[in-house]
**Student:** 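First, the structure itself, so that you have it in front of you.
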Amino acid sequence: MTAHDSVTGQGAYTRAAGLAAELLDAWSARHAALLARREPARPAEPGDEPVNDPAVPVLAGLLAAGGPPAAHGTAARAAGLWARTAGRGRRHPGLYDGGFTGTWFGLRQAASLHPELGPVVERLRGRLPVDRAPAAERYGAVTFPDYDLILGPAGLLLTLAADEACAPREPEPLVRALSALCDDPALPGLRAHHPGSALLGWLDGRVDTGMGHGAAGVAVALAAGVRRLRAAGEGAVPPQALVALAHLAGWLRAEAYEDARSVRTWDGAGPREGAPAPGARARQGWCYGTPGVAWALWETADVLGDAELAGWACEAFSTLAAAFDPDFHLPGDHPGDRLGVCHGAAGVLLVADAFHRHAGVPAAGRLRLRMLSHLAVHEDAIRSLAGERTGVLTGAAGVLAAVLTATGGDRGWLSCLGLR
């Protein structure tokens, strides 16, 4: 991907499709060798990527749908190999980190290339924990699996609501469960409980603001669920769902502030006490900061019919687009952080693309082109990342899926990120 090609749509798509075919061929060779050796499954180790992360079938579906005809075989082989080991994850219900919802979502993508997987997809669909809800005593002491997009019911609600086979009222139990956690304007139901945790102690007793683990992710999930319930006709949407969305929007809006680079942004958790800390906030991605939170607010405004809130969210994203500096706003010690969907350039690209396509924000269109150019000049880093990580959130398949989608590829898979 040359910098020139990256801003011409078709050139960027063609180069990304070539890299995608290369990645899938290499992944298939590695995976086929592992299957041939029939090695027993070993316990997961830190840094391992779950075998059923849906990135490989997502990328395969994108490549088969819009890539060159010669790449169809590559895509079909990768999707088929992925399906043979799907389900060997960590046995939790979530969308990522080896969860059951992620397995089901990945098999849905693989079934576009292997229709014989259709009955398996439907069988697993019947086992989705749609009626899952946090126990009453978890209110105000939740952990990520109780509510979030990555491990919890928000991720299931997003993927279920986007499923064509989903009956209009099917998401209702999930909508009610998440709404119950957001029944107060101060969001006490989303206060996290991580006492003594070395990794998450900063969040204990507070509310995460972000898309992956926080209030923004709950907001986009509820927005998707409400849209689906509206298809069932008048009266299908529980009133508490709209109240919950209003509470989420009000709380997130109150937590916003302008940093030293004139970006309207958010800290990782709230409530914020007093004036924000001085300086600029480097962490600006899909998971935390302005891109994901602003998009969640725009989606909430769209569902609530709140034009003023929608404009406010567009302004927030525009402040980031005007000030965005890849050298500052894409930090991280690993290329998966700097380039990936979760914290890096690919996630900023996808959110900018969403604001550009759905909200018509001019600054988002310009940032979209800048992110395509940025990823174009990091082709070698993407190729290197592919040998280590392929996942949606921090891997090379997620990066390439983002480029293919932003340059004209199918958008159906974006539900797993709260985008569309």
Side-chain angles (χ1 to χ4, degrees), residues 202-203 206-217 219-220 248-301 306 308-332 337-375 402 406 417-419:
W202 64 275
L203 185 57
R206 308 182 75 203
V207 178
D208 191 299
T209 61
M211 181 74 89
H213 294 301
V220 293
L248 286 159
W251 188 87
L252 284 168
R253 189 165 176 174
E255 288 297 310
Y257 61 89
E258 187 174 290
D259 75 1
R261 294 196 177 203
S262 299
V263 175
R264 185 181 295 170
T265 192
W266 287 262
D267 287 332
R272 178 169 48 83
E273 297 180 0
R281 301 299 182 267
R283 197 177 193 190
Q284 299 291 347
W286 169 83
C287 191
Y288 284 103
T290 301
V293 181
W295 173 253
L297 286 171
W298 190 86
E299 281 283 71
T300 300
D306 188 335
E308 192 274 332
L309 176 61
W312 191 92
C314 290
E315 289 173 7
F317 189 80
S318 295
T319 66
L320 176 69
F324 195 83
D325 178 357
D327 292 334
F328 179 76
H329 287 123
L330 298 176
D337 290 328
R338 299 188 298 273
L339 300 174
V341 168
C342 196
H343 301 142
V348 176
L349 166 63
L350 284 175
V351 178
D353 185 57
F355 268 108
H356 167 67
R357 292 174 185 270
H358 298 295
V361 177
R366 293 190 290 272
L367 183 57
R368 168 185 169 273
L369 294 179
R370 289 185 62 199
M371 288 298 95
L372 284 170
S373 294
H374 180 82
L375 289 168
L417 296 170
L419 302 170

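The residues of the chain are indexed from 1 along the displayed sequence. Reckoned from all heavy atoms, side chains included, excluding hydrogens, waters and symmetry mates.
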**Student:** In plain terms, say whether Arg206 and Glu255 are close enough for a salt bridge, that is, a side-chain N and a carboxylate O under 4.0 Å apart.
**Tutor:** no
**Student:** Hey, does Leu372 have a side-chain heavy atom less than 4.5 Å from the side chain of Leu349?
**Tutor:** yes
**Student:** Could you tell me which non-hydrogen atom of Ala310 sits nearest to which non-hydrogen atom of Ala301, and how far apart they are?
**Tutor:** N-CB, 3.4 Å
**Student:** Starting from the C-alpha separation in whole Å, work towards a yes-or-no answer on side-chain contact (heavy atoms from CB on, under 4.5 Å) for Trp286 and Val348.
**Tutor:** CA-CA 6 Å; Trp286 169 83; Val348 176; over 6 Å; no
**Student:** For residues Phe317 and Ala352, report the shortest heavy-atom separation together with the two atoms involved.
**Tutor:** CZ-CA, 3.6 Å
**Student:** Are Thr300 and Leu248 packed together at the side-chain level, in the sense that at least one heavy-atom pair is separated by less than 4.5 angstrom?
**Tutor:** no
**Student:** Ring centroids only, cut at 6.0 angstrom: are Phe355 and Trp295 within range, meaning strictly under it?
**Tutor:** yes
**Student:** Is there side-chain contact between Met211 and Pro291, with at least one heavy-atom pair below 4.5 Å?
**Tutor:** no
**Student:** Can you name the closest pair of heavy atoms from Arg264 and Ala256 and give their distance?
**Tutor:** CG-CB, 4.2 Å
**Student:** Quick one: closest heavy-atom pair of Leu309 and Ala249, and the distance?
**Tutor:** CD2-CB, 3.7 Å
**Student:** Please report the interatomic distance CD(Gln284) to CG(Asp325), rounded to the nearest 0.5 Å.
**Tutor:** 11.5 Å
**Student:** If we ignore hydrogens and angles and just use 3.5 Å, is the side chain of Arg366 paired with the main-chain N or O of Ala321 as donor and acceptor?
**Tutor:** no
**Student:** I need the Arg253 CZ to Leu297 CG distance, nearest 0.5 Å.
**Tutor:** 8.5 Å
**Student:** Which distance, rounded to the nearest 0.5 Å, do you find between the CG of Leu203 and the NE2 of His213?
**Tutor:** 9.5 Å
**Student:** Give a yes or no on whether the backbone of Arg370 and the side-chain of His374 come within a donor-acceptor separation of less than 3.5 Å.
**Tutor:** no
**Student:** Check step by step if side-chain contact (heavy atoms from CB on, under 4.5 Å) holds for Asp267 and Arg281.
**Tutor:** CA-CA 8 Å; Asp267 287 332; Arg281 301 299 182 267; 3.1 Å; yes
**Student:** Heavy atoms, side chains only, cut-off 4.5 Å: are Asp208 and Tyr288 in contact?
**Tutor:** yes
**Student:** Between atom CG of Leu419 and atom CD of Glu299, what is the distance when rounded to the nearest 0.5 Å?
**Tutor:** 8.0 Å
**Student:** Thr290 vs Val263, test: side-chain contact (heavy atoms from CB on, under 4.5 Å). Steps then yes/no.
**Tutor:** CA-CA 8 Å; Thr290 301; Val263 175; 3.6 Å; yes
**Student:** Identify the two heavy atoms, one from Leu252 and one from Trp266, that lie closest to each other, and give their separation to 0.1 Å.
**Tutor:** O-NE1, 2.6 Å
**Student:** To the nearest 0.5 Å, tell me how far Leu330 CG sits from Met371 CE.
**Tutor:** 6.0 Å
**Student:** Phe328 ring centre to Arg261 NZ or CZ under 6.0 Å, with the angle to the axis within 45°?
**Tutor:** yes
**Student:** Locate the shortest heavy-atom distance separating Ala313 from Ala294; write the atom from each residue and the value.
**Tutor:** CB-O, 3.5 Å
**Student:** Is there side-chain contact between Pro276 and Asp259, with at least one heavy-atom pair below 4.5 Å?
**Tutor:** no
